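Below is one structure; the comments refer to it alone.
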There are 2 protein chains.
Amino acid sequence: MSDIIFSQSSPDKPKATTKPSISSGAQNILAAAEELFAQQGYSSISINAIAKQAGVSKANVFHHFETKEMLYMAVLQNASTEMSDLIAELDSGNGSASQQIGHYARQHLQNLFDKARVTQLILRELQQGDKDESFQLVRNTLNKNFTSIVNIIKKFQERGEFRQDIEAAMIATVLIGCNLFYFQTHSVLDSFPELAFAKDPDNYCKQLTDILLRGIENKNAEDRGSS
Amino acid sequence: MSDIIFSQSSPDKPKATTKPSISSGAQNILAAAEELFAQQGYSSISINAIAKQAGVSKANVFHHFETKEMLYMAVLQNASTEMSDLIAELDSGNGSASQQIGHYARQHLQNLFDKARVTQLILRELQQGDKDESFQLVRNTLNKNFTSIVNIIKKFQERGEFRQDIEAAMIATVLIGCNLFYFQTHSVLDSFPELAFAKDPDNYCKQLTDILLRGIENKNAEDRGSS
DNA sequence: TCGATCACTGACCAATCGGTTAGCCTCCGT
DNA sequence: ACGGAGGCTAACCGATTGGTCAGTGATCGA
């Protein structure tokens with residue numbers, strides 16, 4: 001119900017990224033598999049379930065994909081590039097450093113929710129990271145995610161707008177980590193009455209940016225020097 | 001290899017928490033199930049695998065636990081109380097507000113690594129949160145986690161040491177979120193050469209606390225050339 | 001128009017799944 | 001010494017799993 005808040009920012013634009021090389025039959029299967037794998041995980045989902053969801057026979061699934069695992073890898077590959085494309089499109093606006101970070105954080109979070117299935121798939125892989133090939137995919141996606149934001153931060157560090165005694169990568173970790181954590185737990189957090197921001201990603205993002213930029217320490221109080 | 005860094009802080013103390021009411025046979029099965037479920041998830045693990053790991057027959061597993069799902073719930077219940085106990089024991093030391101937050105963050109992170117299997121189980125549940133009963137368990141554990149740290153933060157807010165225009169729950173979210181994210185991705189982050197802190201939780205925690213307290217913005221006005 | 005290729009299907013397969021049953025063995029109170 | 005209870009097992013069950021195979025029908029270049 002309250003999920004409507006998290007829905008698409010831009011409804012649907014005709015994407016040119018859909019590969020025409022893949023038959024529509026295979027596309028249906030991929031889409032069904034993506035949804036189910038994202039919801040339930042690899043081993044909870046049977047080929048039968050995927051076939052049913054795609055409206056085809058089980059044998060047809062194996063006609064397009066050699067094994068269940070290769071289907072999963074194809075889904076993951078799709079998800080990975082989809083996410084990478086989204087990251088590449090991220091812009092941080094052109095306001096002040098503070099505004100740009102805030103803008104970036106909000107856009108990043110919106111991406112996670114817009115592509116919830118993709119995010120879930122990657123999150124799932126992140127959690128075990130034992131498989132060789134899939135690990136590389138997730139690793140690359142996360143790396144792009146990192147590099148994208150690290151570059152922005154470094155720019156501001158060089159300009160002297162951000163502190164230089166903190167690793168840019170550390171700042172990126174905090175931002176991405178918090179956003180992913182919020183994505184993955186907002187439904188649970190939702191059930192804690194105290195957390196106003198659980199239902200309101202805008203509010204969450206605003207406060208996160210505030211903390212990130214200015215810290216939680218009260219600077220007005222005459223603070224005895226730390227350490 | 002580098003995992004040794006994350007190992008137990010205090011090797012092993014004779015815990016009184018082990019329930020003597022449960023037979024050792026059932027305990028073995030529980031332990032095996034906990035390990036396997038944490039590593040691979042619910043549906044990837046067969047009762048056969050658990051029985052083999054525990055060194056008993058499959059039928060014996062069903063002798064102690066009615067169904068696979070009830071075994072899983074027992075494992076989750078165990079994990080939940082174990083984590084709750086750990087949270088209850090958390091102290092934030094008795095230094096300055098900054099020191100206490102840093103201390104708490106470090107201890108919290110250490111807990112996650114010390115009880116890695118438990119953490120993984122809870123993280124897994126957090127990710128789907130569809131099951132009724134298990135959802136409640138995870139929700140409670142996370143709630144305790146939150147309340148524990150929120151109280152500390154509120155204390156400092158009332159004392160005027162922390163800003164009061166930020167929700168305490170939001171600060172707690174950042175801290176817990178970052179720690180969980182670090183726990184769950186440090187092995188992936190590890191493969192990014194730039195991230196020095198990926199292998200060094202102490203360093204990570206220090207920087208996180210620094211950001212959390214003081215923010216990343218460069219405030220030129222303040223001199224107090226410390227750090 | 002032919003024949004080859006293609007997407008697609010129902011029927012089938014061995015293996016494994018969660019779960020049951022009958023019975024063995026050991027311990028323990030009487 | 002005995003008998004019941006409980007920990008434990010091998011053998012078994014129907015259902016489902018990932019995967020195969022032979023065949024059907026439509027499409028399309030020659």
Side-chain angles (χ1 to χ4, degrees), chain A residues 18-78 121 124-125 128 130-134, chain B residues 18-78 121 124-125 128 130-134:
Chain A
T18 44
K19 297 179 185 175
S21 61
I22 297 182
S23 71
S24 78
Q27 284 282 27
N28 282 344
I29 296 172
L30 266 175
E34 177 181 282
E35 183 177 342
L36 293 178
F37 280 147
Q39 282 171 3
Q40 319 247 54
Y42 178 79
S43 35
S44 303
I45 296 301
S46 67
I47 296 285
N48 235 324
I50 294 171
K52 199 167 290 182
Q53 168 102 358
V56 298
S57 71
K58 183 174 71 162
N60 191 18
V61 175
F62 285 106
H63 172 70
H64 287 289
F65 304 92
E66 286 189 38
T67 65
K68 184 188 180 187
E69 191 145 352
M70 293 182 86
L71 167 59
Y72 181 72
M73 288 306 302
V75 167
L76 217 58
Q77 183 71 256
N78 252 22
L121 280 168
R124 274 221 159 72
E125 282 303 309
Q128 34 205 61
D130 40 1
K131 301 271 192 175
D132 252 6
E133 212 172 341
S134 63
Chain B
T18 44
K19 297 177 184 176
S21 61
I22 297 182
S23 72
S24 78
Q27 283 282 28
N28 282 345
I29 296 172
L30 266 175
E34 177 181 282
E35 183 177 341
L36 293 177
F37 281 147
Q39 282 172 2
Q40 318 247 58
Y42 178 79
S43 34
S44 305
I45 296 300
S46 66
I47 297 285
N48 235 323
I50 294 171
K52 199 167 290 184
Q53 169 101 358
V56 298
S57 72
K58 183 173 69 163
N60 190 19
V61 175
F62 285 106
H63 173 70
H64 288 288
F65 304 92
E66 287 189 38
T67 65
K68 183 188 179 186
E69 193 146 350
M70 292 183 87
L71 167 58
Y72 182 72
M73 287 306 301
V75 167
L76 218 57
Q77 183 71 255
N78 252 20
L121 281 167
R124 273 221 158 73
E125 282 303 310
Q128 37 204 59
D130 40 3
K131 301 270 191 175
D132 253 7
E133 210 172 341
S134 62

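What you see is a predicted model; the values in this text were computed from it and never measured. Residue numbers begin at 1 in each chain, while the letters A, B, ... track the order of the sequences.
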task: Under 4.0 Å between any heavy atoms, over every strand shown, what does S46(B) touch: base, sugar-phosphate, or nothing? Just pick one.
output: sugar-phosphate
- prompt: At under 4.0 Å, does any side-chain N or O of N60(A) touch on OP1 or OP2 of dT9(C)?
  reply: yes
message: Could you tell me how far apart L30(A) (CG) and dA7(C) (P) are, to the nearest whole angstrom?
response: 14 Å
query: How are the rings of F37(B) and Y72(B) set to each other: parallel, tilted or perpendicular (split at 30° and 60°)?
result: perpendicular
- prompt: Which atoms form the tightest heavy-atom contact between A51(A) and V61(A), and what is the distance?
  reply: CB-CG2, 3.8 Å
- prompt: K52(B) has an atom NZ; how far is it from atom P of dA10(D), in whole Å?
  reply: 12 Å
message: Let's test your reading of the model: under 3.5 Å, does the base of dG18(C) pair with the side chain of K58(B) as donor and acceptor?
response: yes
query: Between dG6(D) and H64(B), is there an OP1 or OP2 to side-chain N/O distance shorter than 4.0 Å?
result: no
- prompt: Expressed in angstrom and rounded to an integer, what is the separation of I50(A) atom CD1 from dG18(D) atom P?
  reply: 8 Å
side-chain contact (heavy atoms from CB on, under 4.5 Å) assessment of L71(A) paired with L30(A): CA-CA 8 Å; L71(A) 167 59; L30(A) 266 175; 4.2 Å; yes
query: Which part of the nucleic acid does I29(B) contact within heavy-atom distance under 4.0 Å: base, sugar-phosphate only, or nothing?
result: nothing
task: Calculate the interatomic distance between F62(A) atom CZ and dA22(D) atom C1'; express it in whole Å.
output: 17 Å
- request: Can you see which heavy atom on E34(B) is nearest to which on V75(B), and at what distance?
  value: CA-CG1, 3.7 Å
message: For dG19(C), does the base pair up with any side-chain atom of K68(B) as donor and acceptor (N or O, under 3.5 Å, distance only)?
response: no
- prompt: If each of A59(A) and I47(A) is mapped to the nucleotide of DNA chain D with the nearest heavy atom, which maps nearer the 5' terminus, i.e. the 5' end?
  reply: I47(A)
message: Rounding to an integer number of Å, can you tell me how far E66(A) CD sits from dT20(D) C1'?
response: 13 Å
Least distance between heavy atoms, L76(A) atom then S134(A) atom: CD2-CB, 3.4 Å
- request: Specify the separation, in whole Å, of atom NE2 of H63(A) and atom P of dC6(C).
  value: 8 Å
message: Without decimals, in angstroms, what is the distance between F65(A) CZ and dT20(D) P?
response: 15 Å
- request: Could you state the atom-to-atom distance from OH of Y72(A) to P of dG19(D) in whole Å?
  value: 15 Å
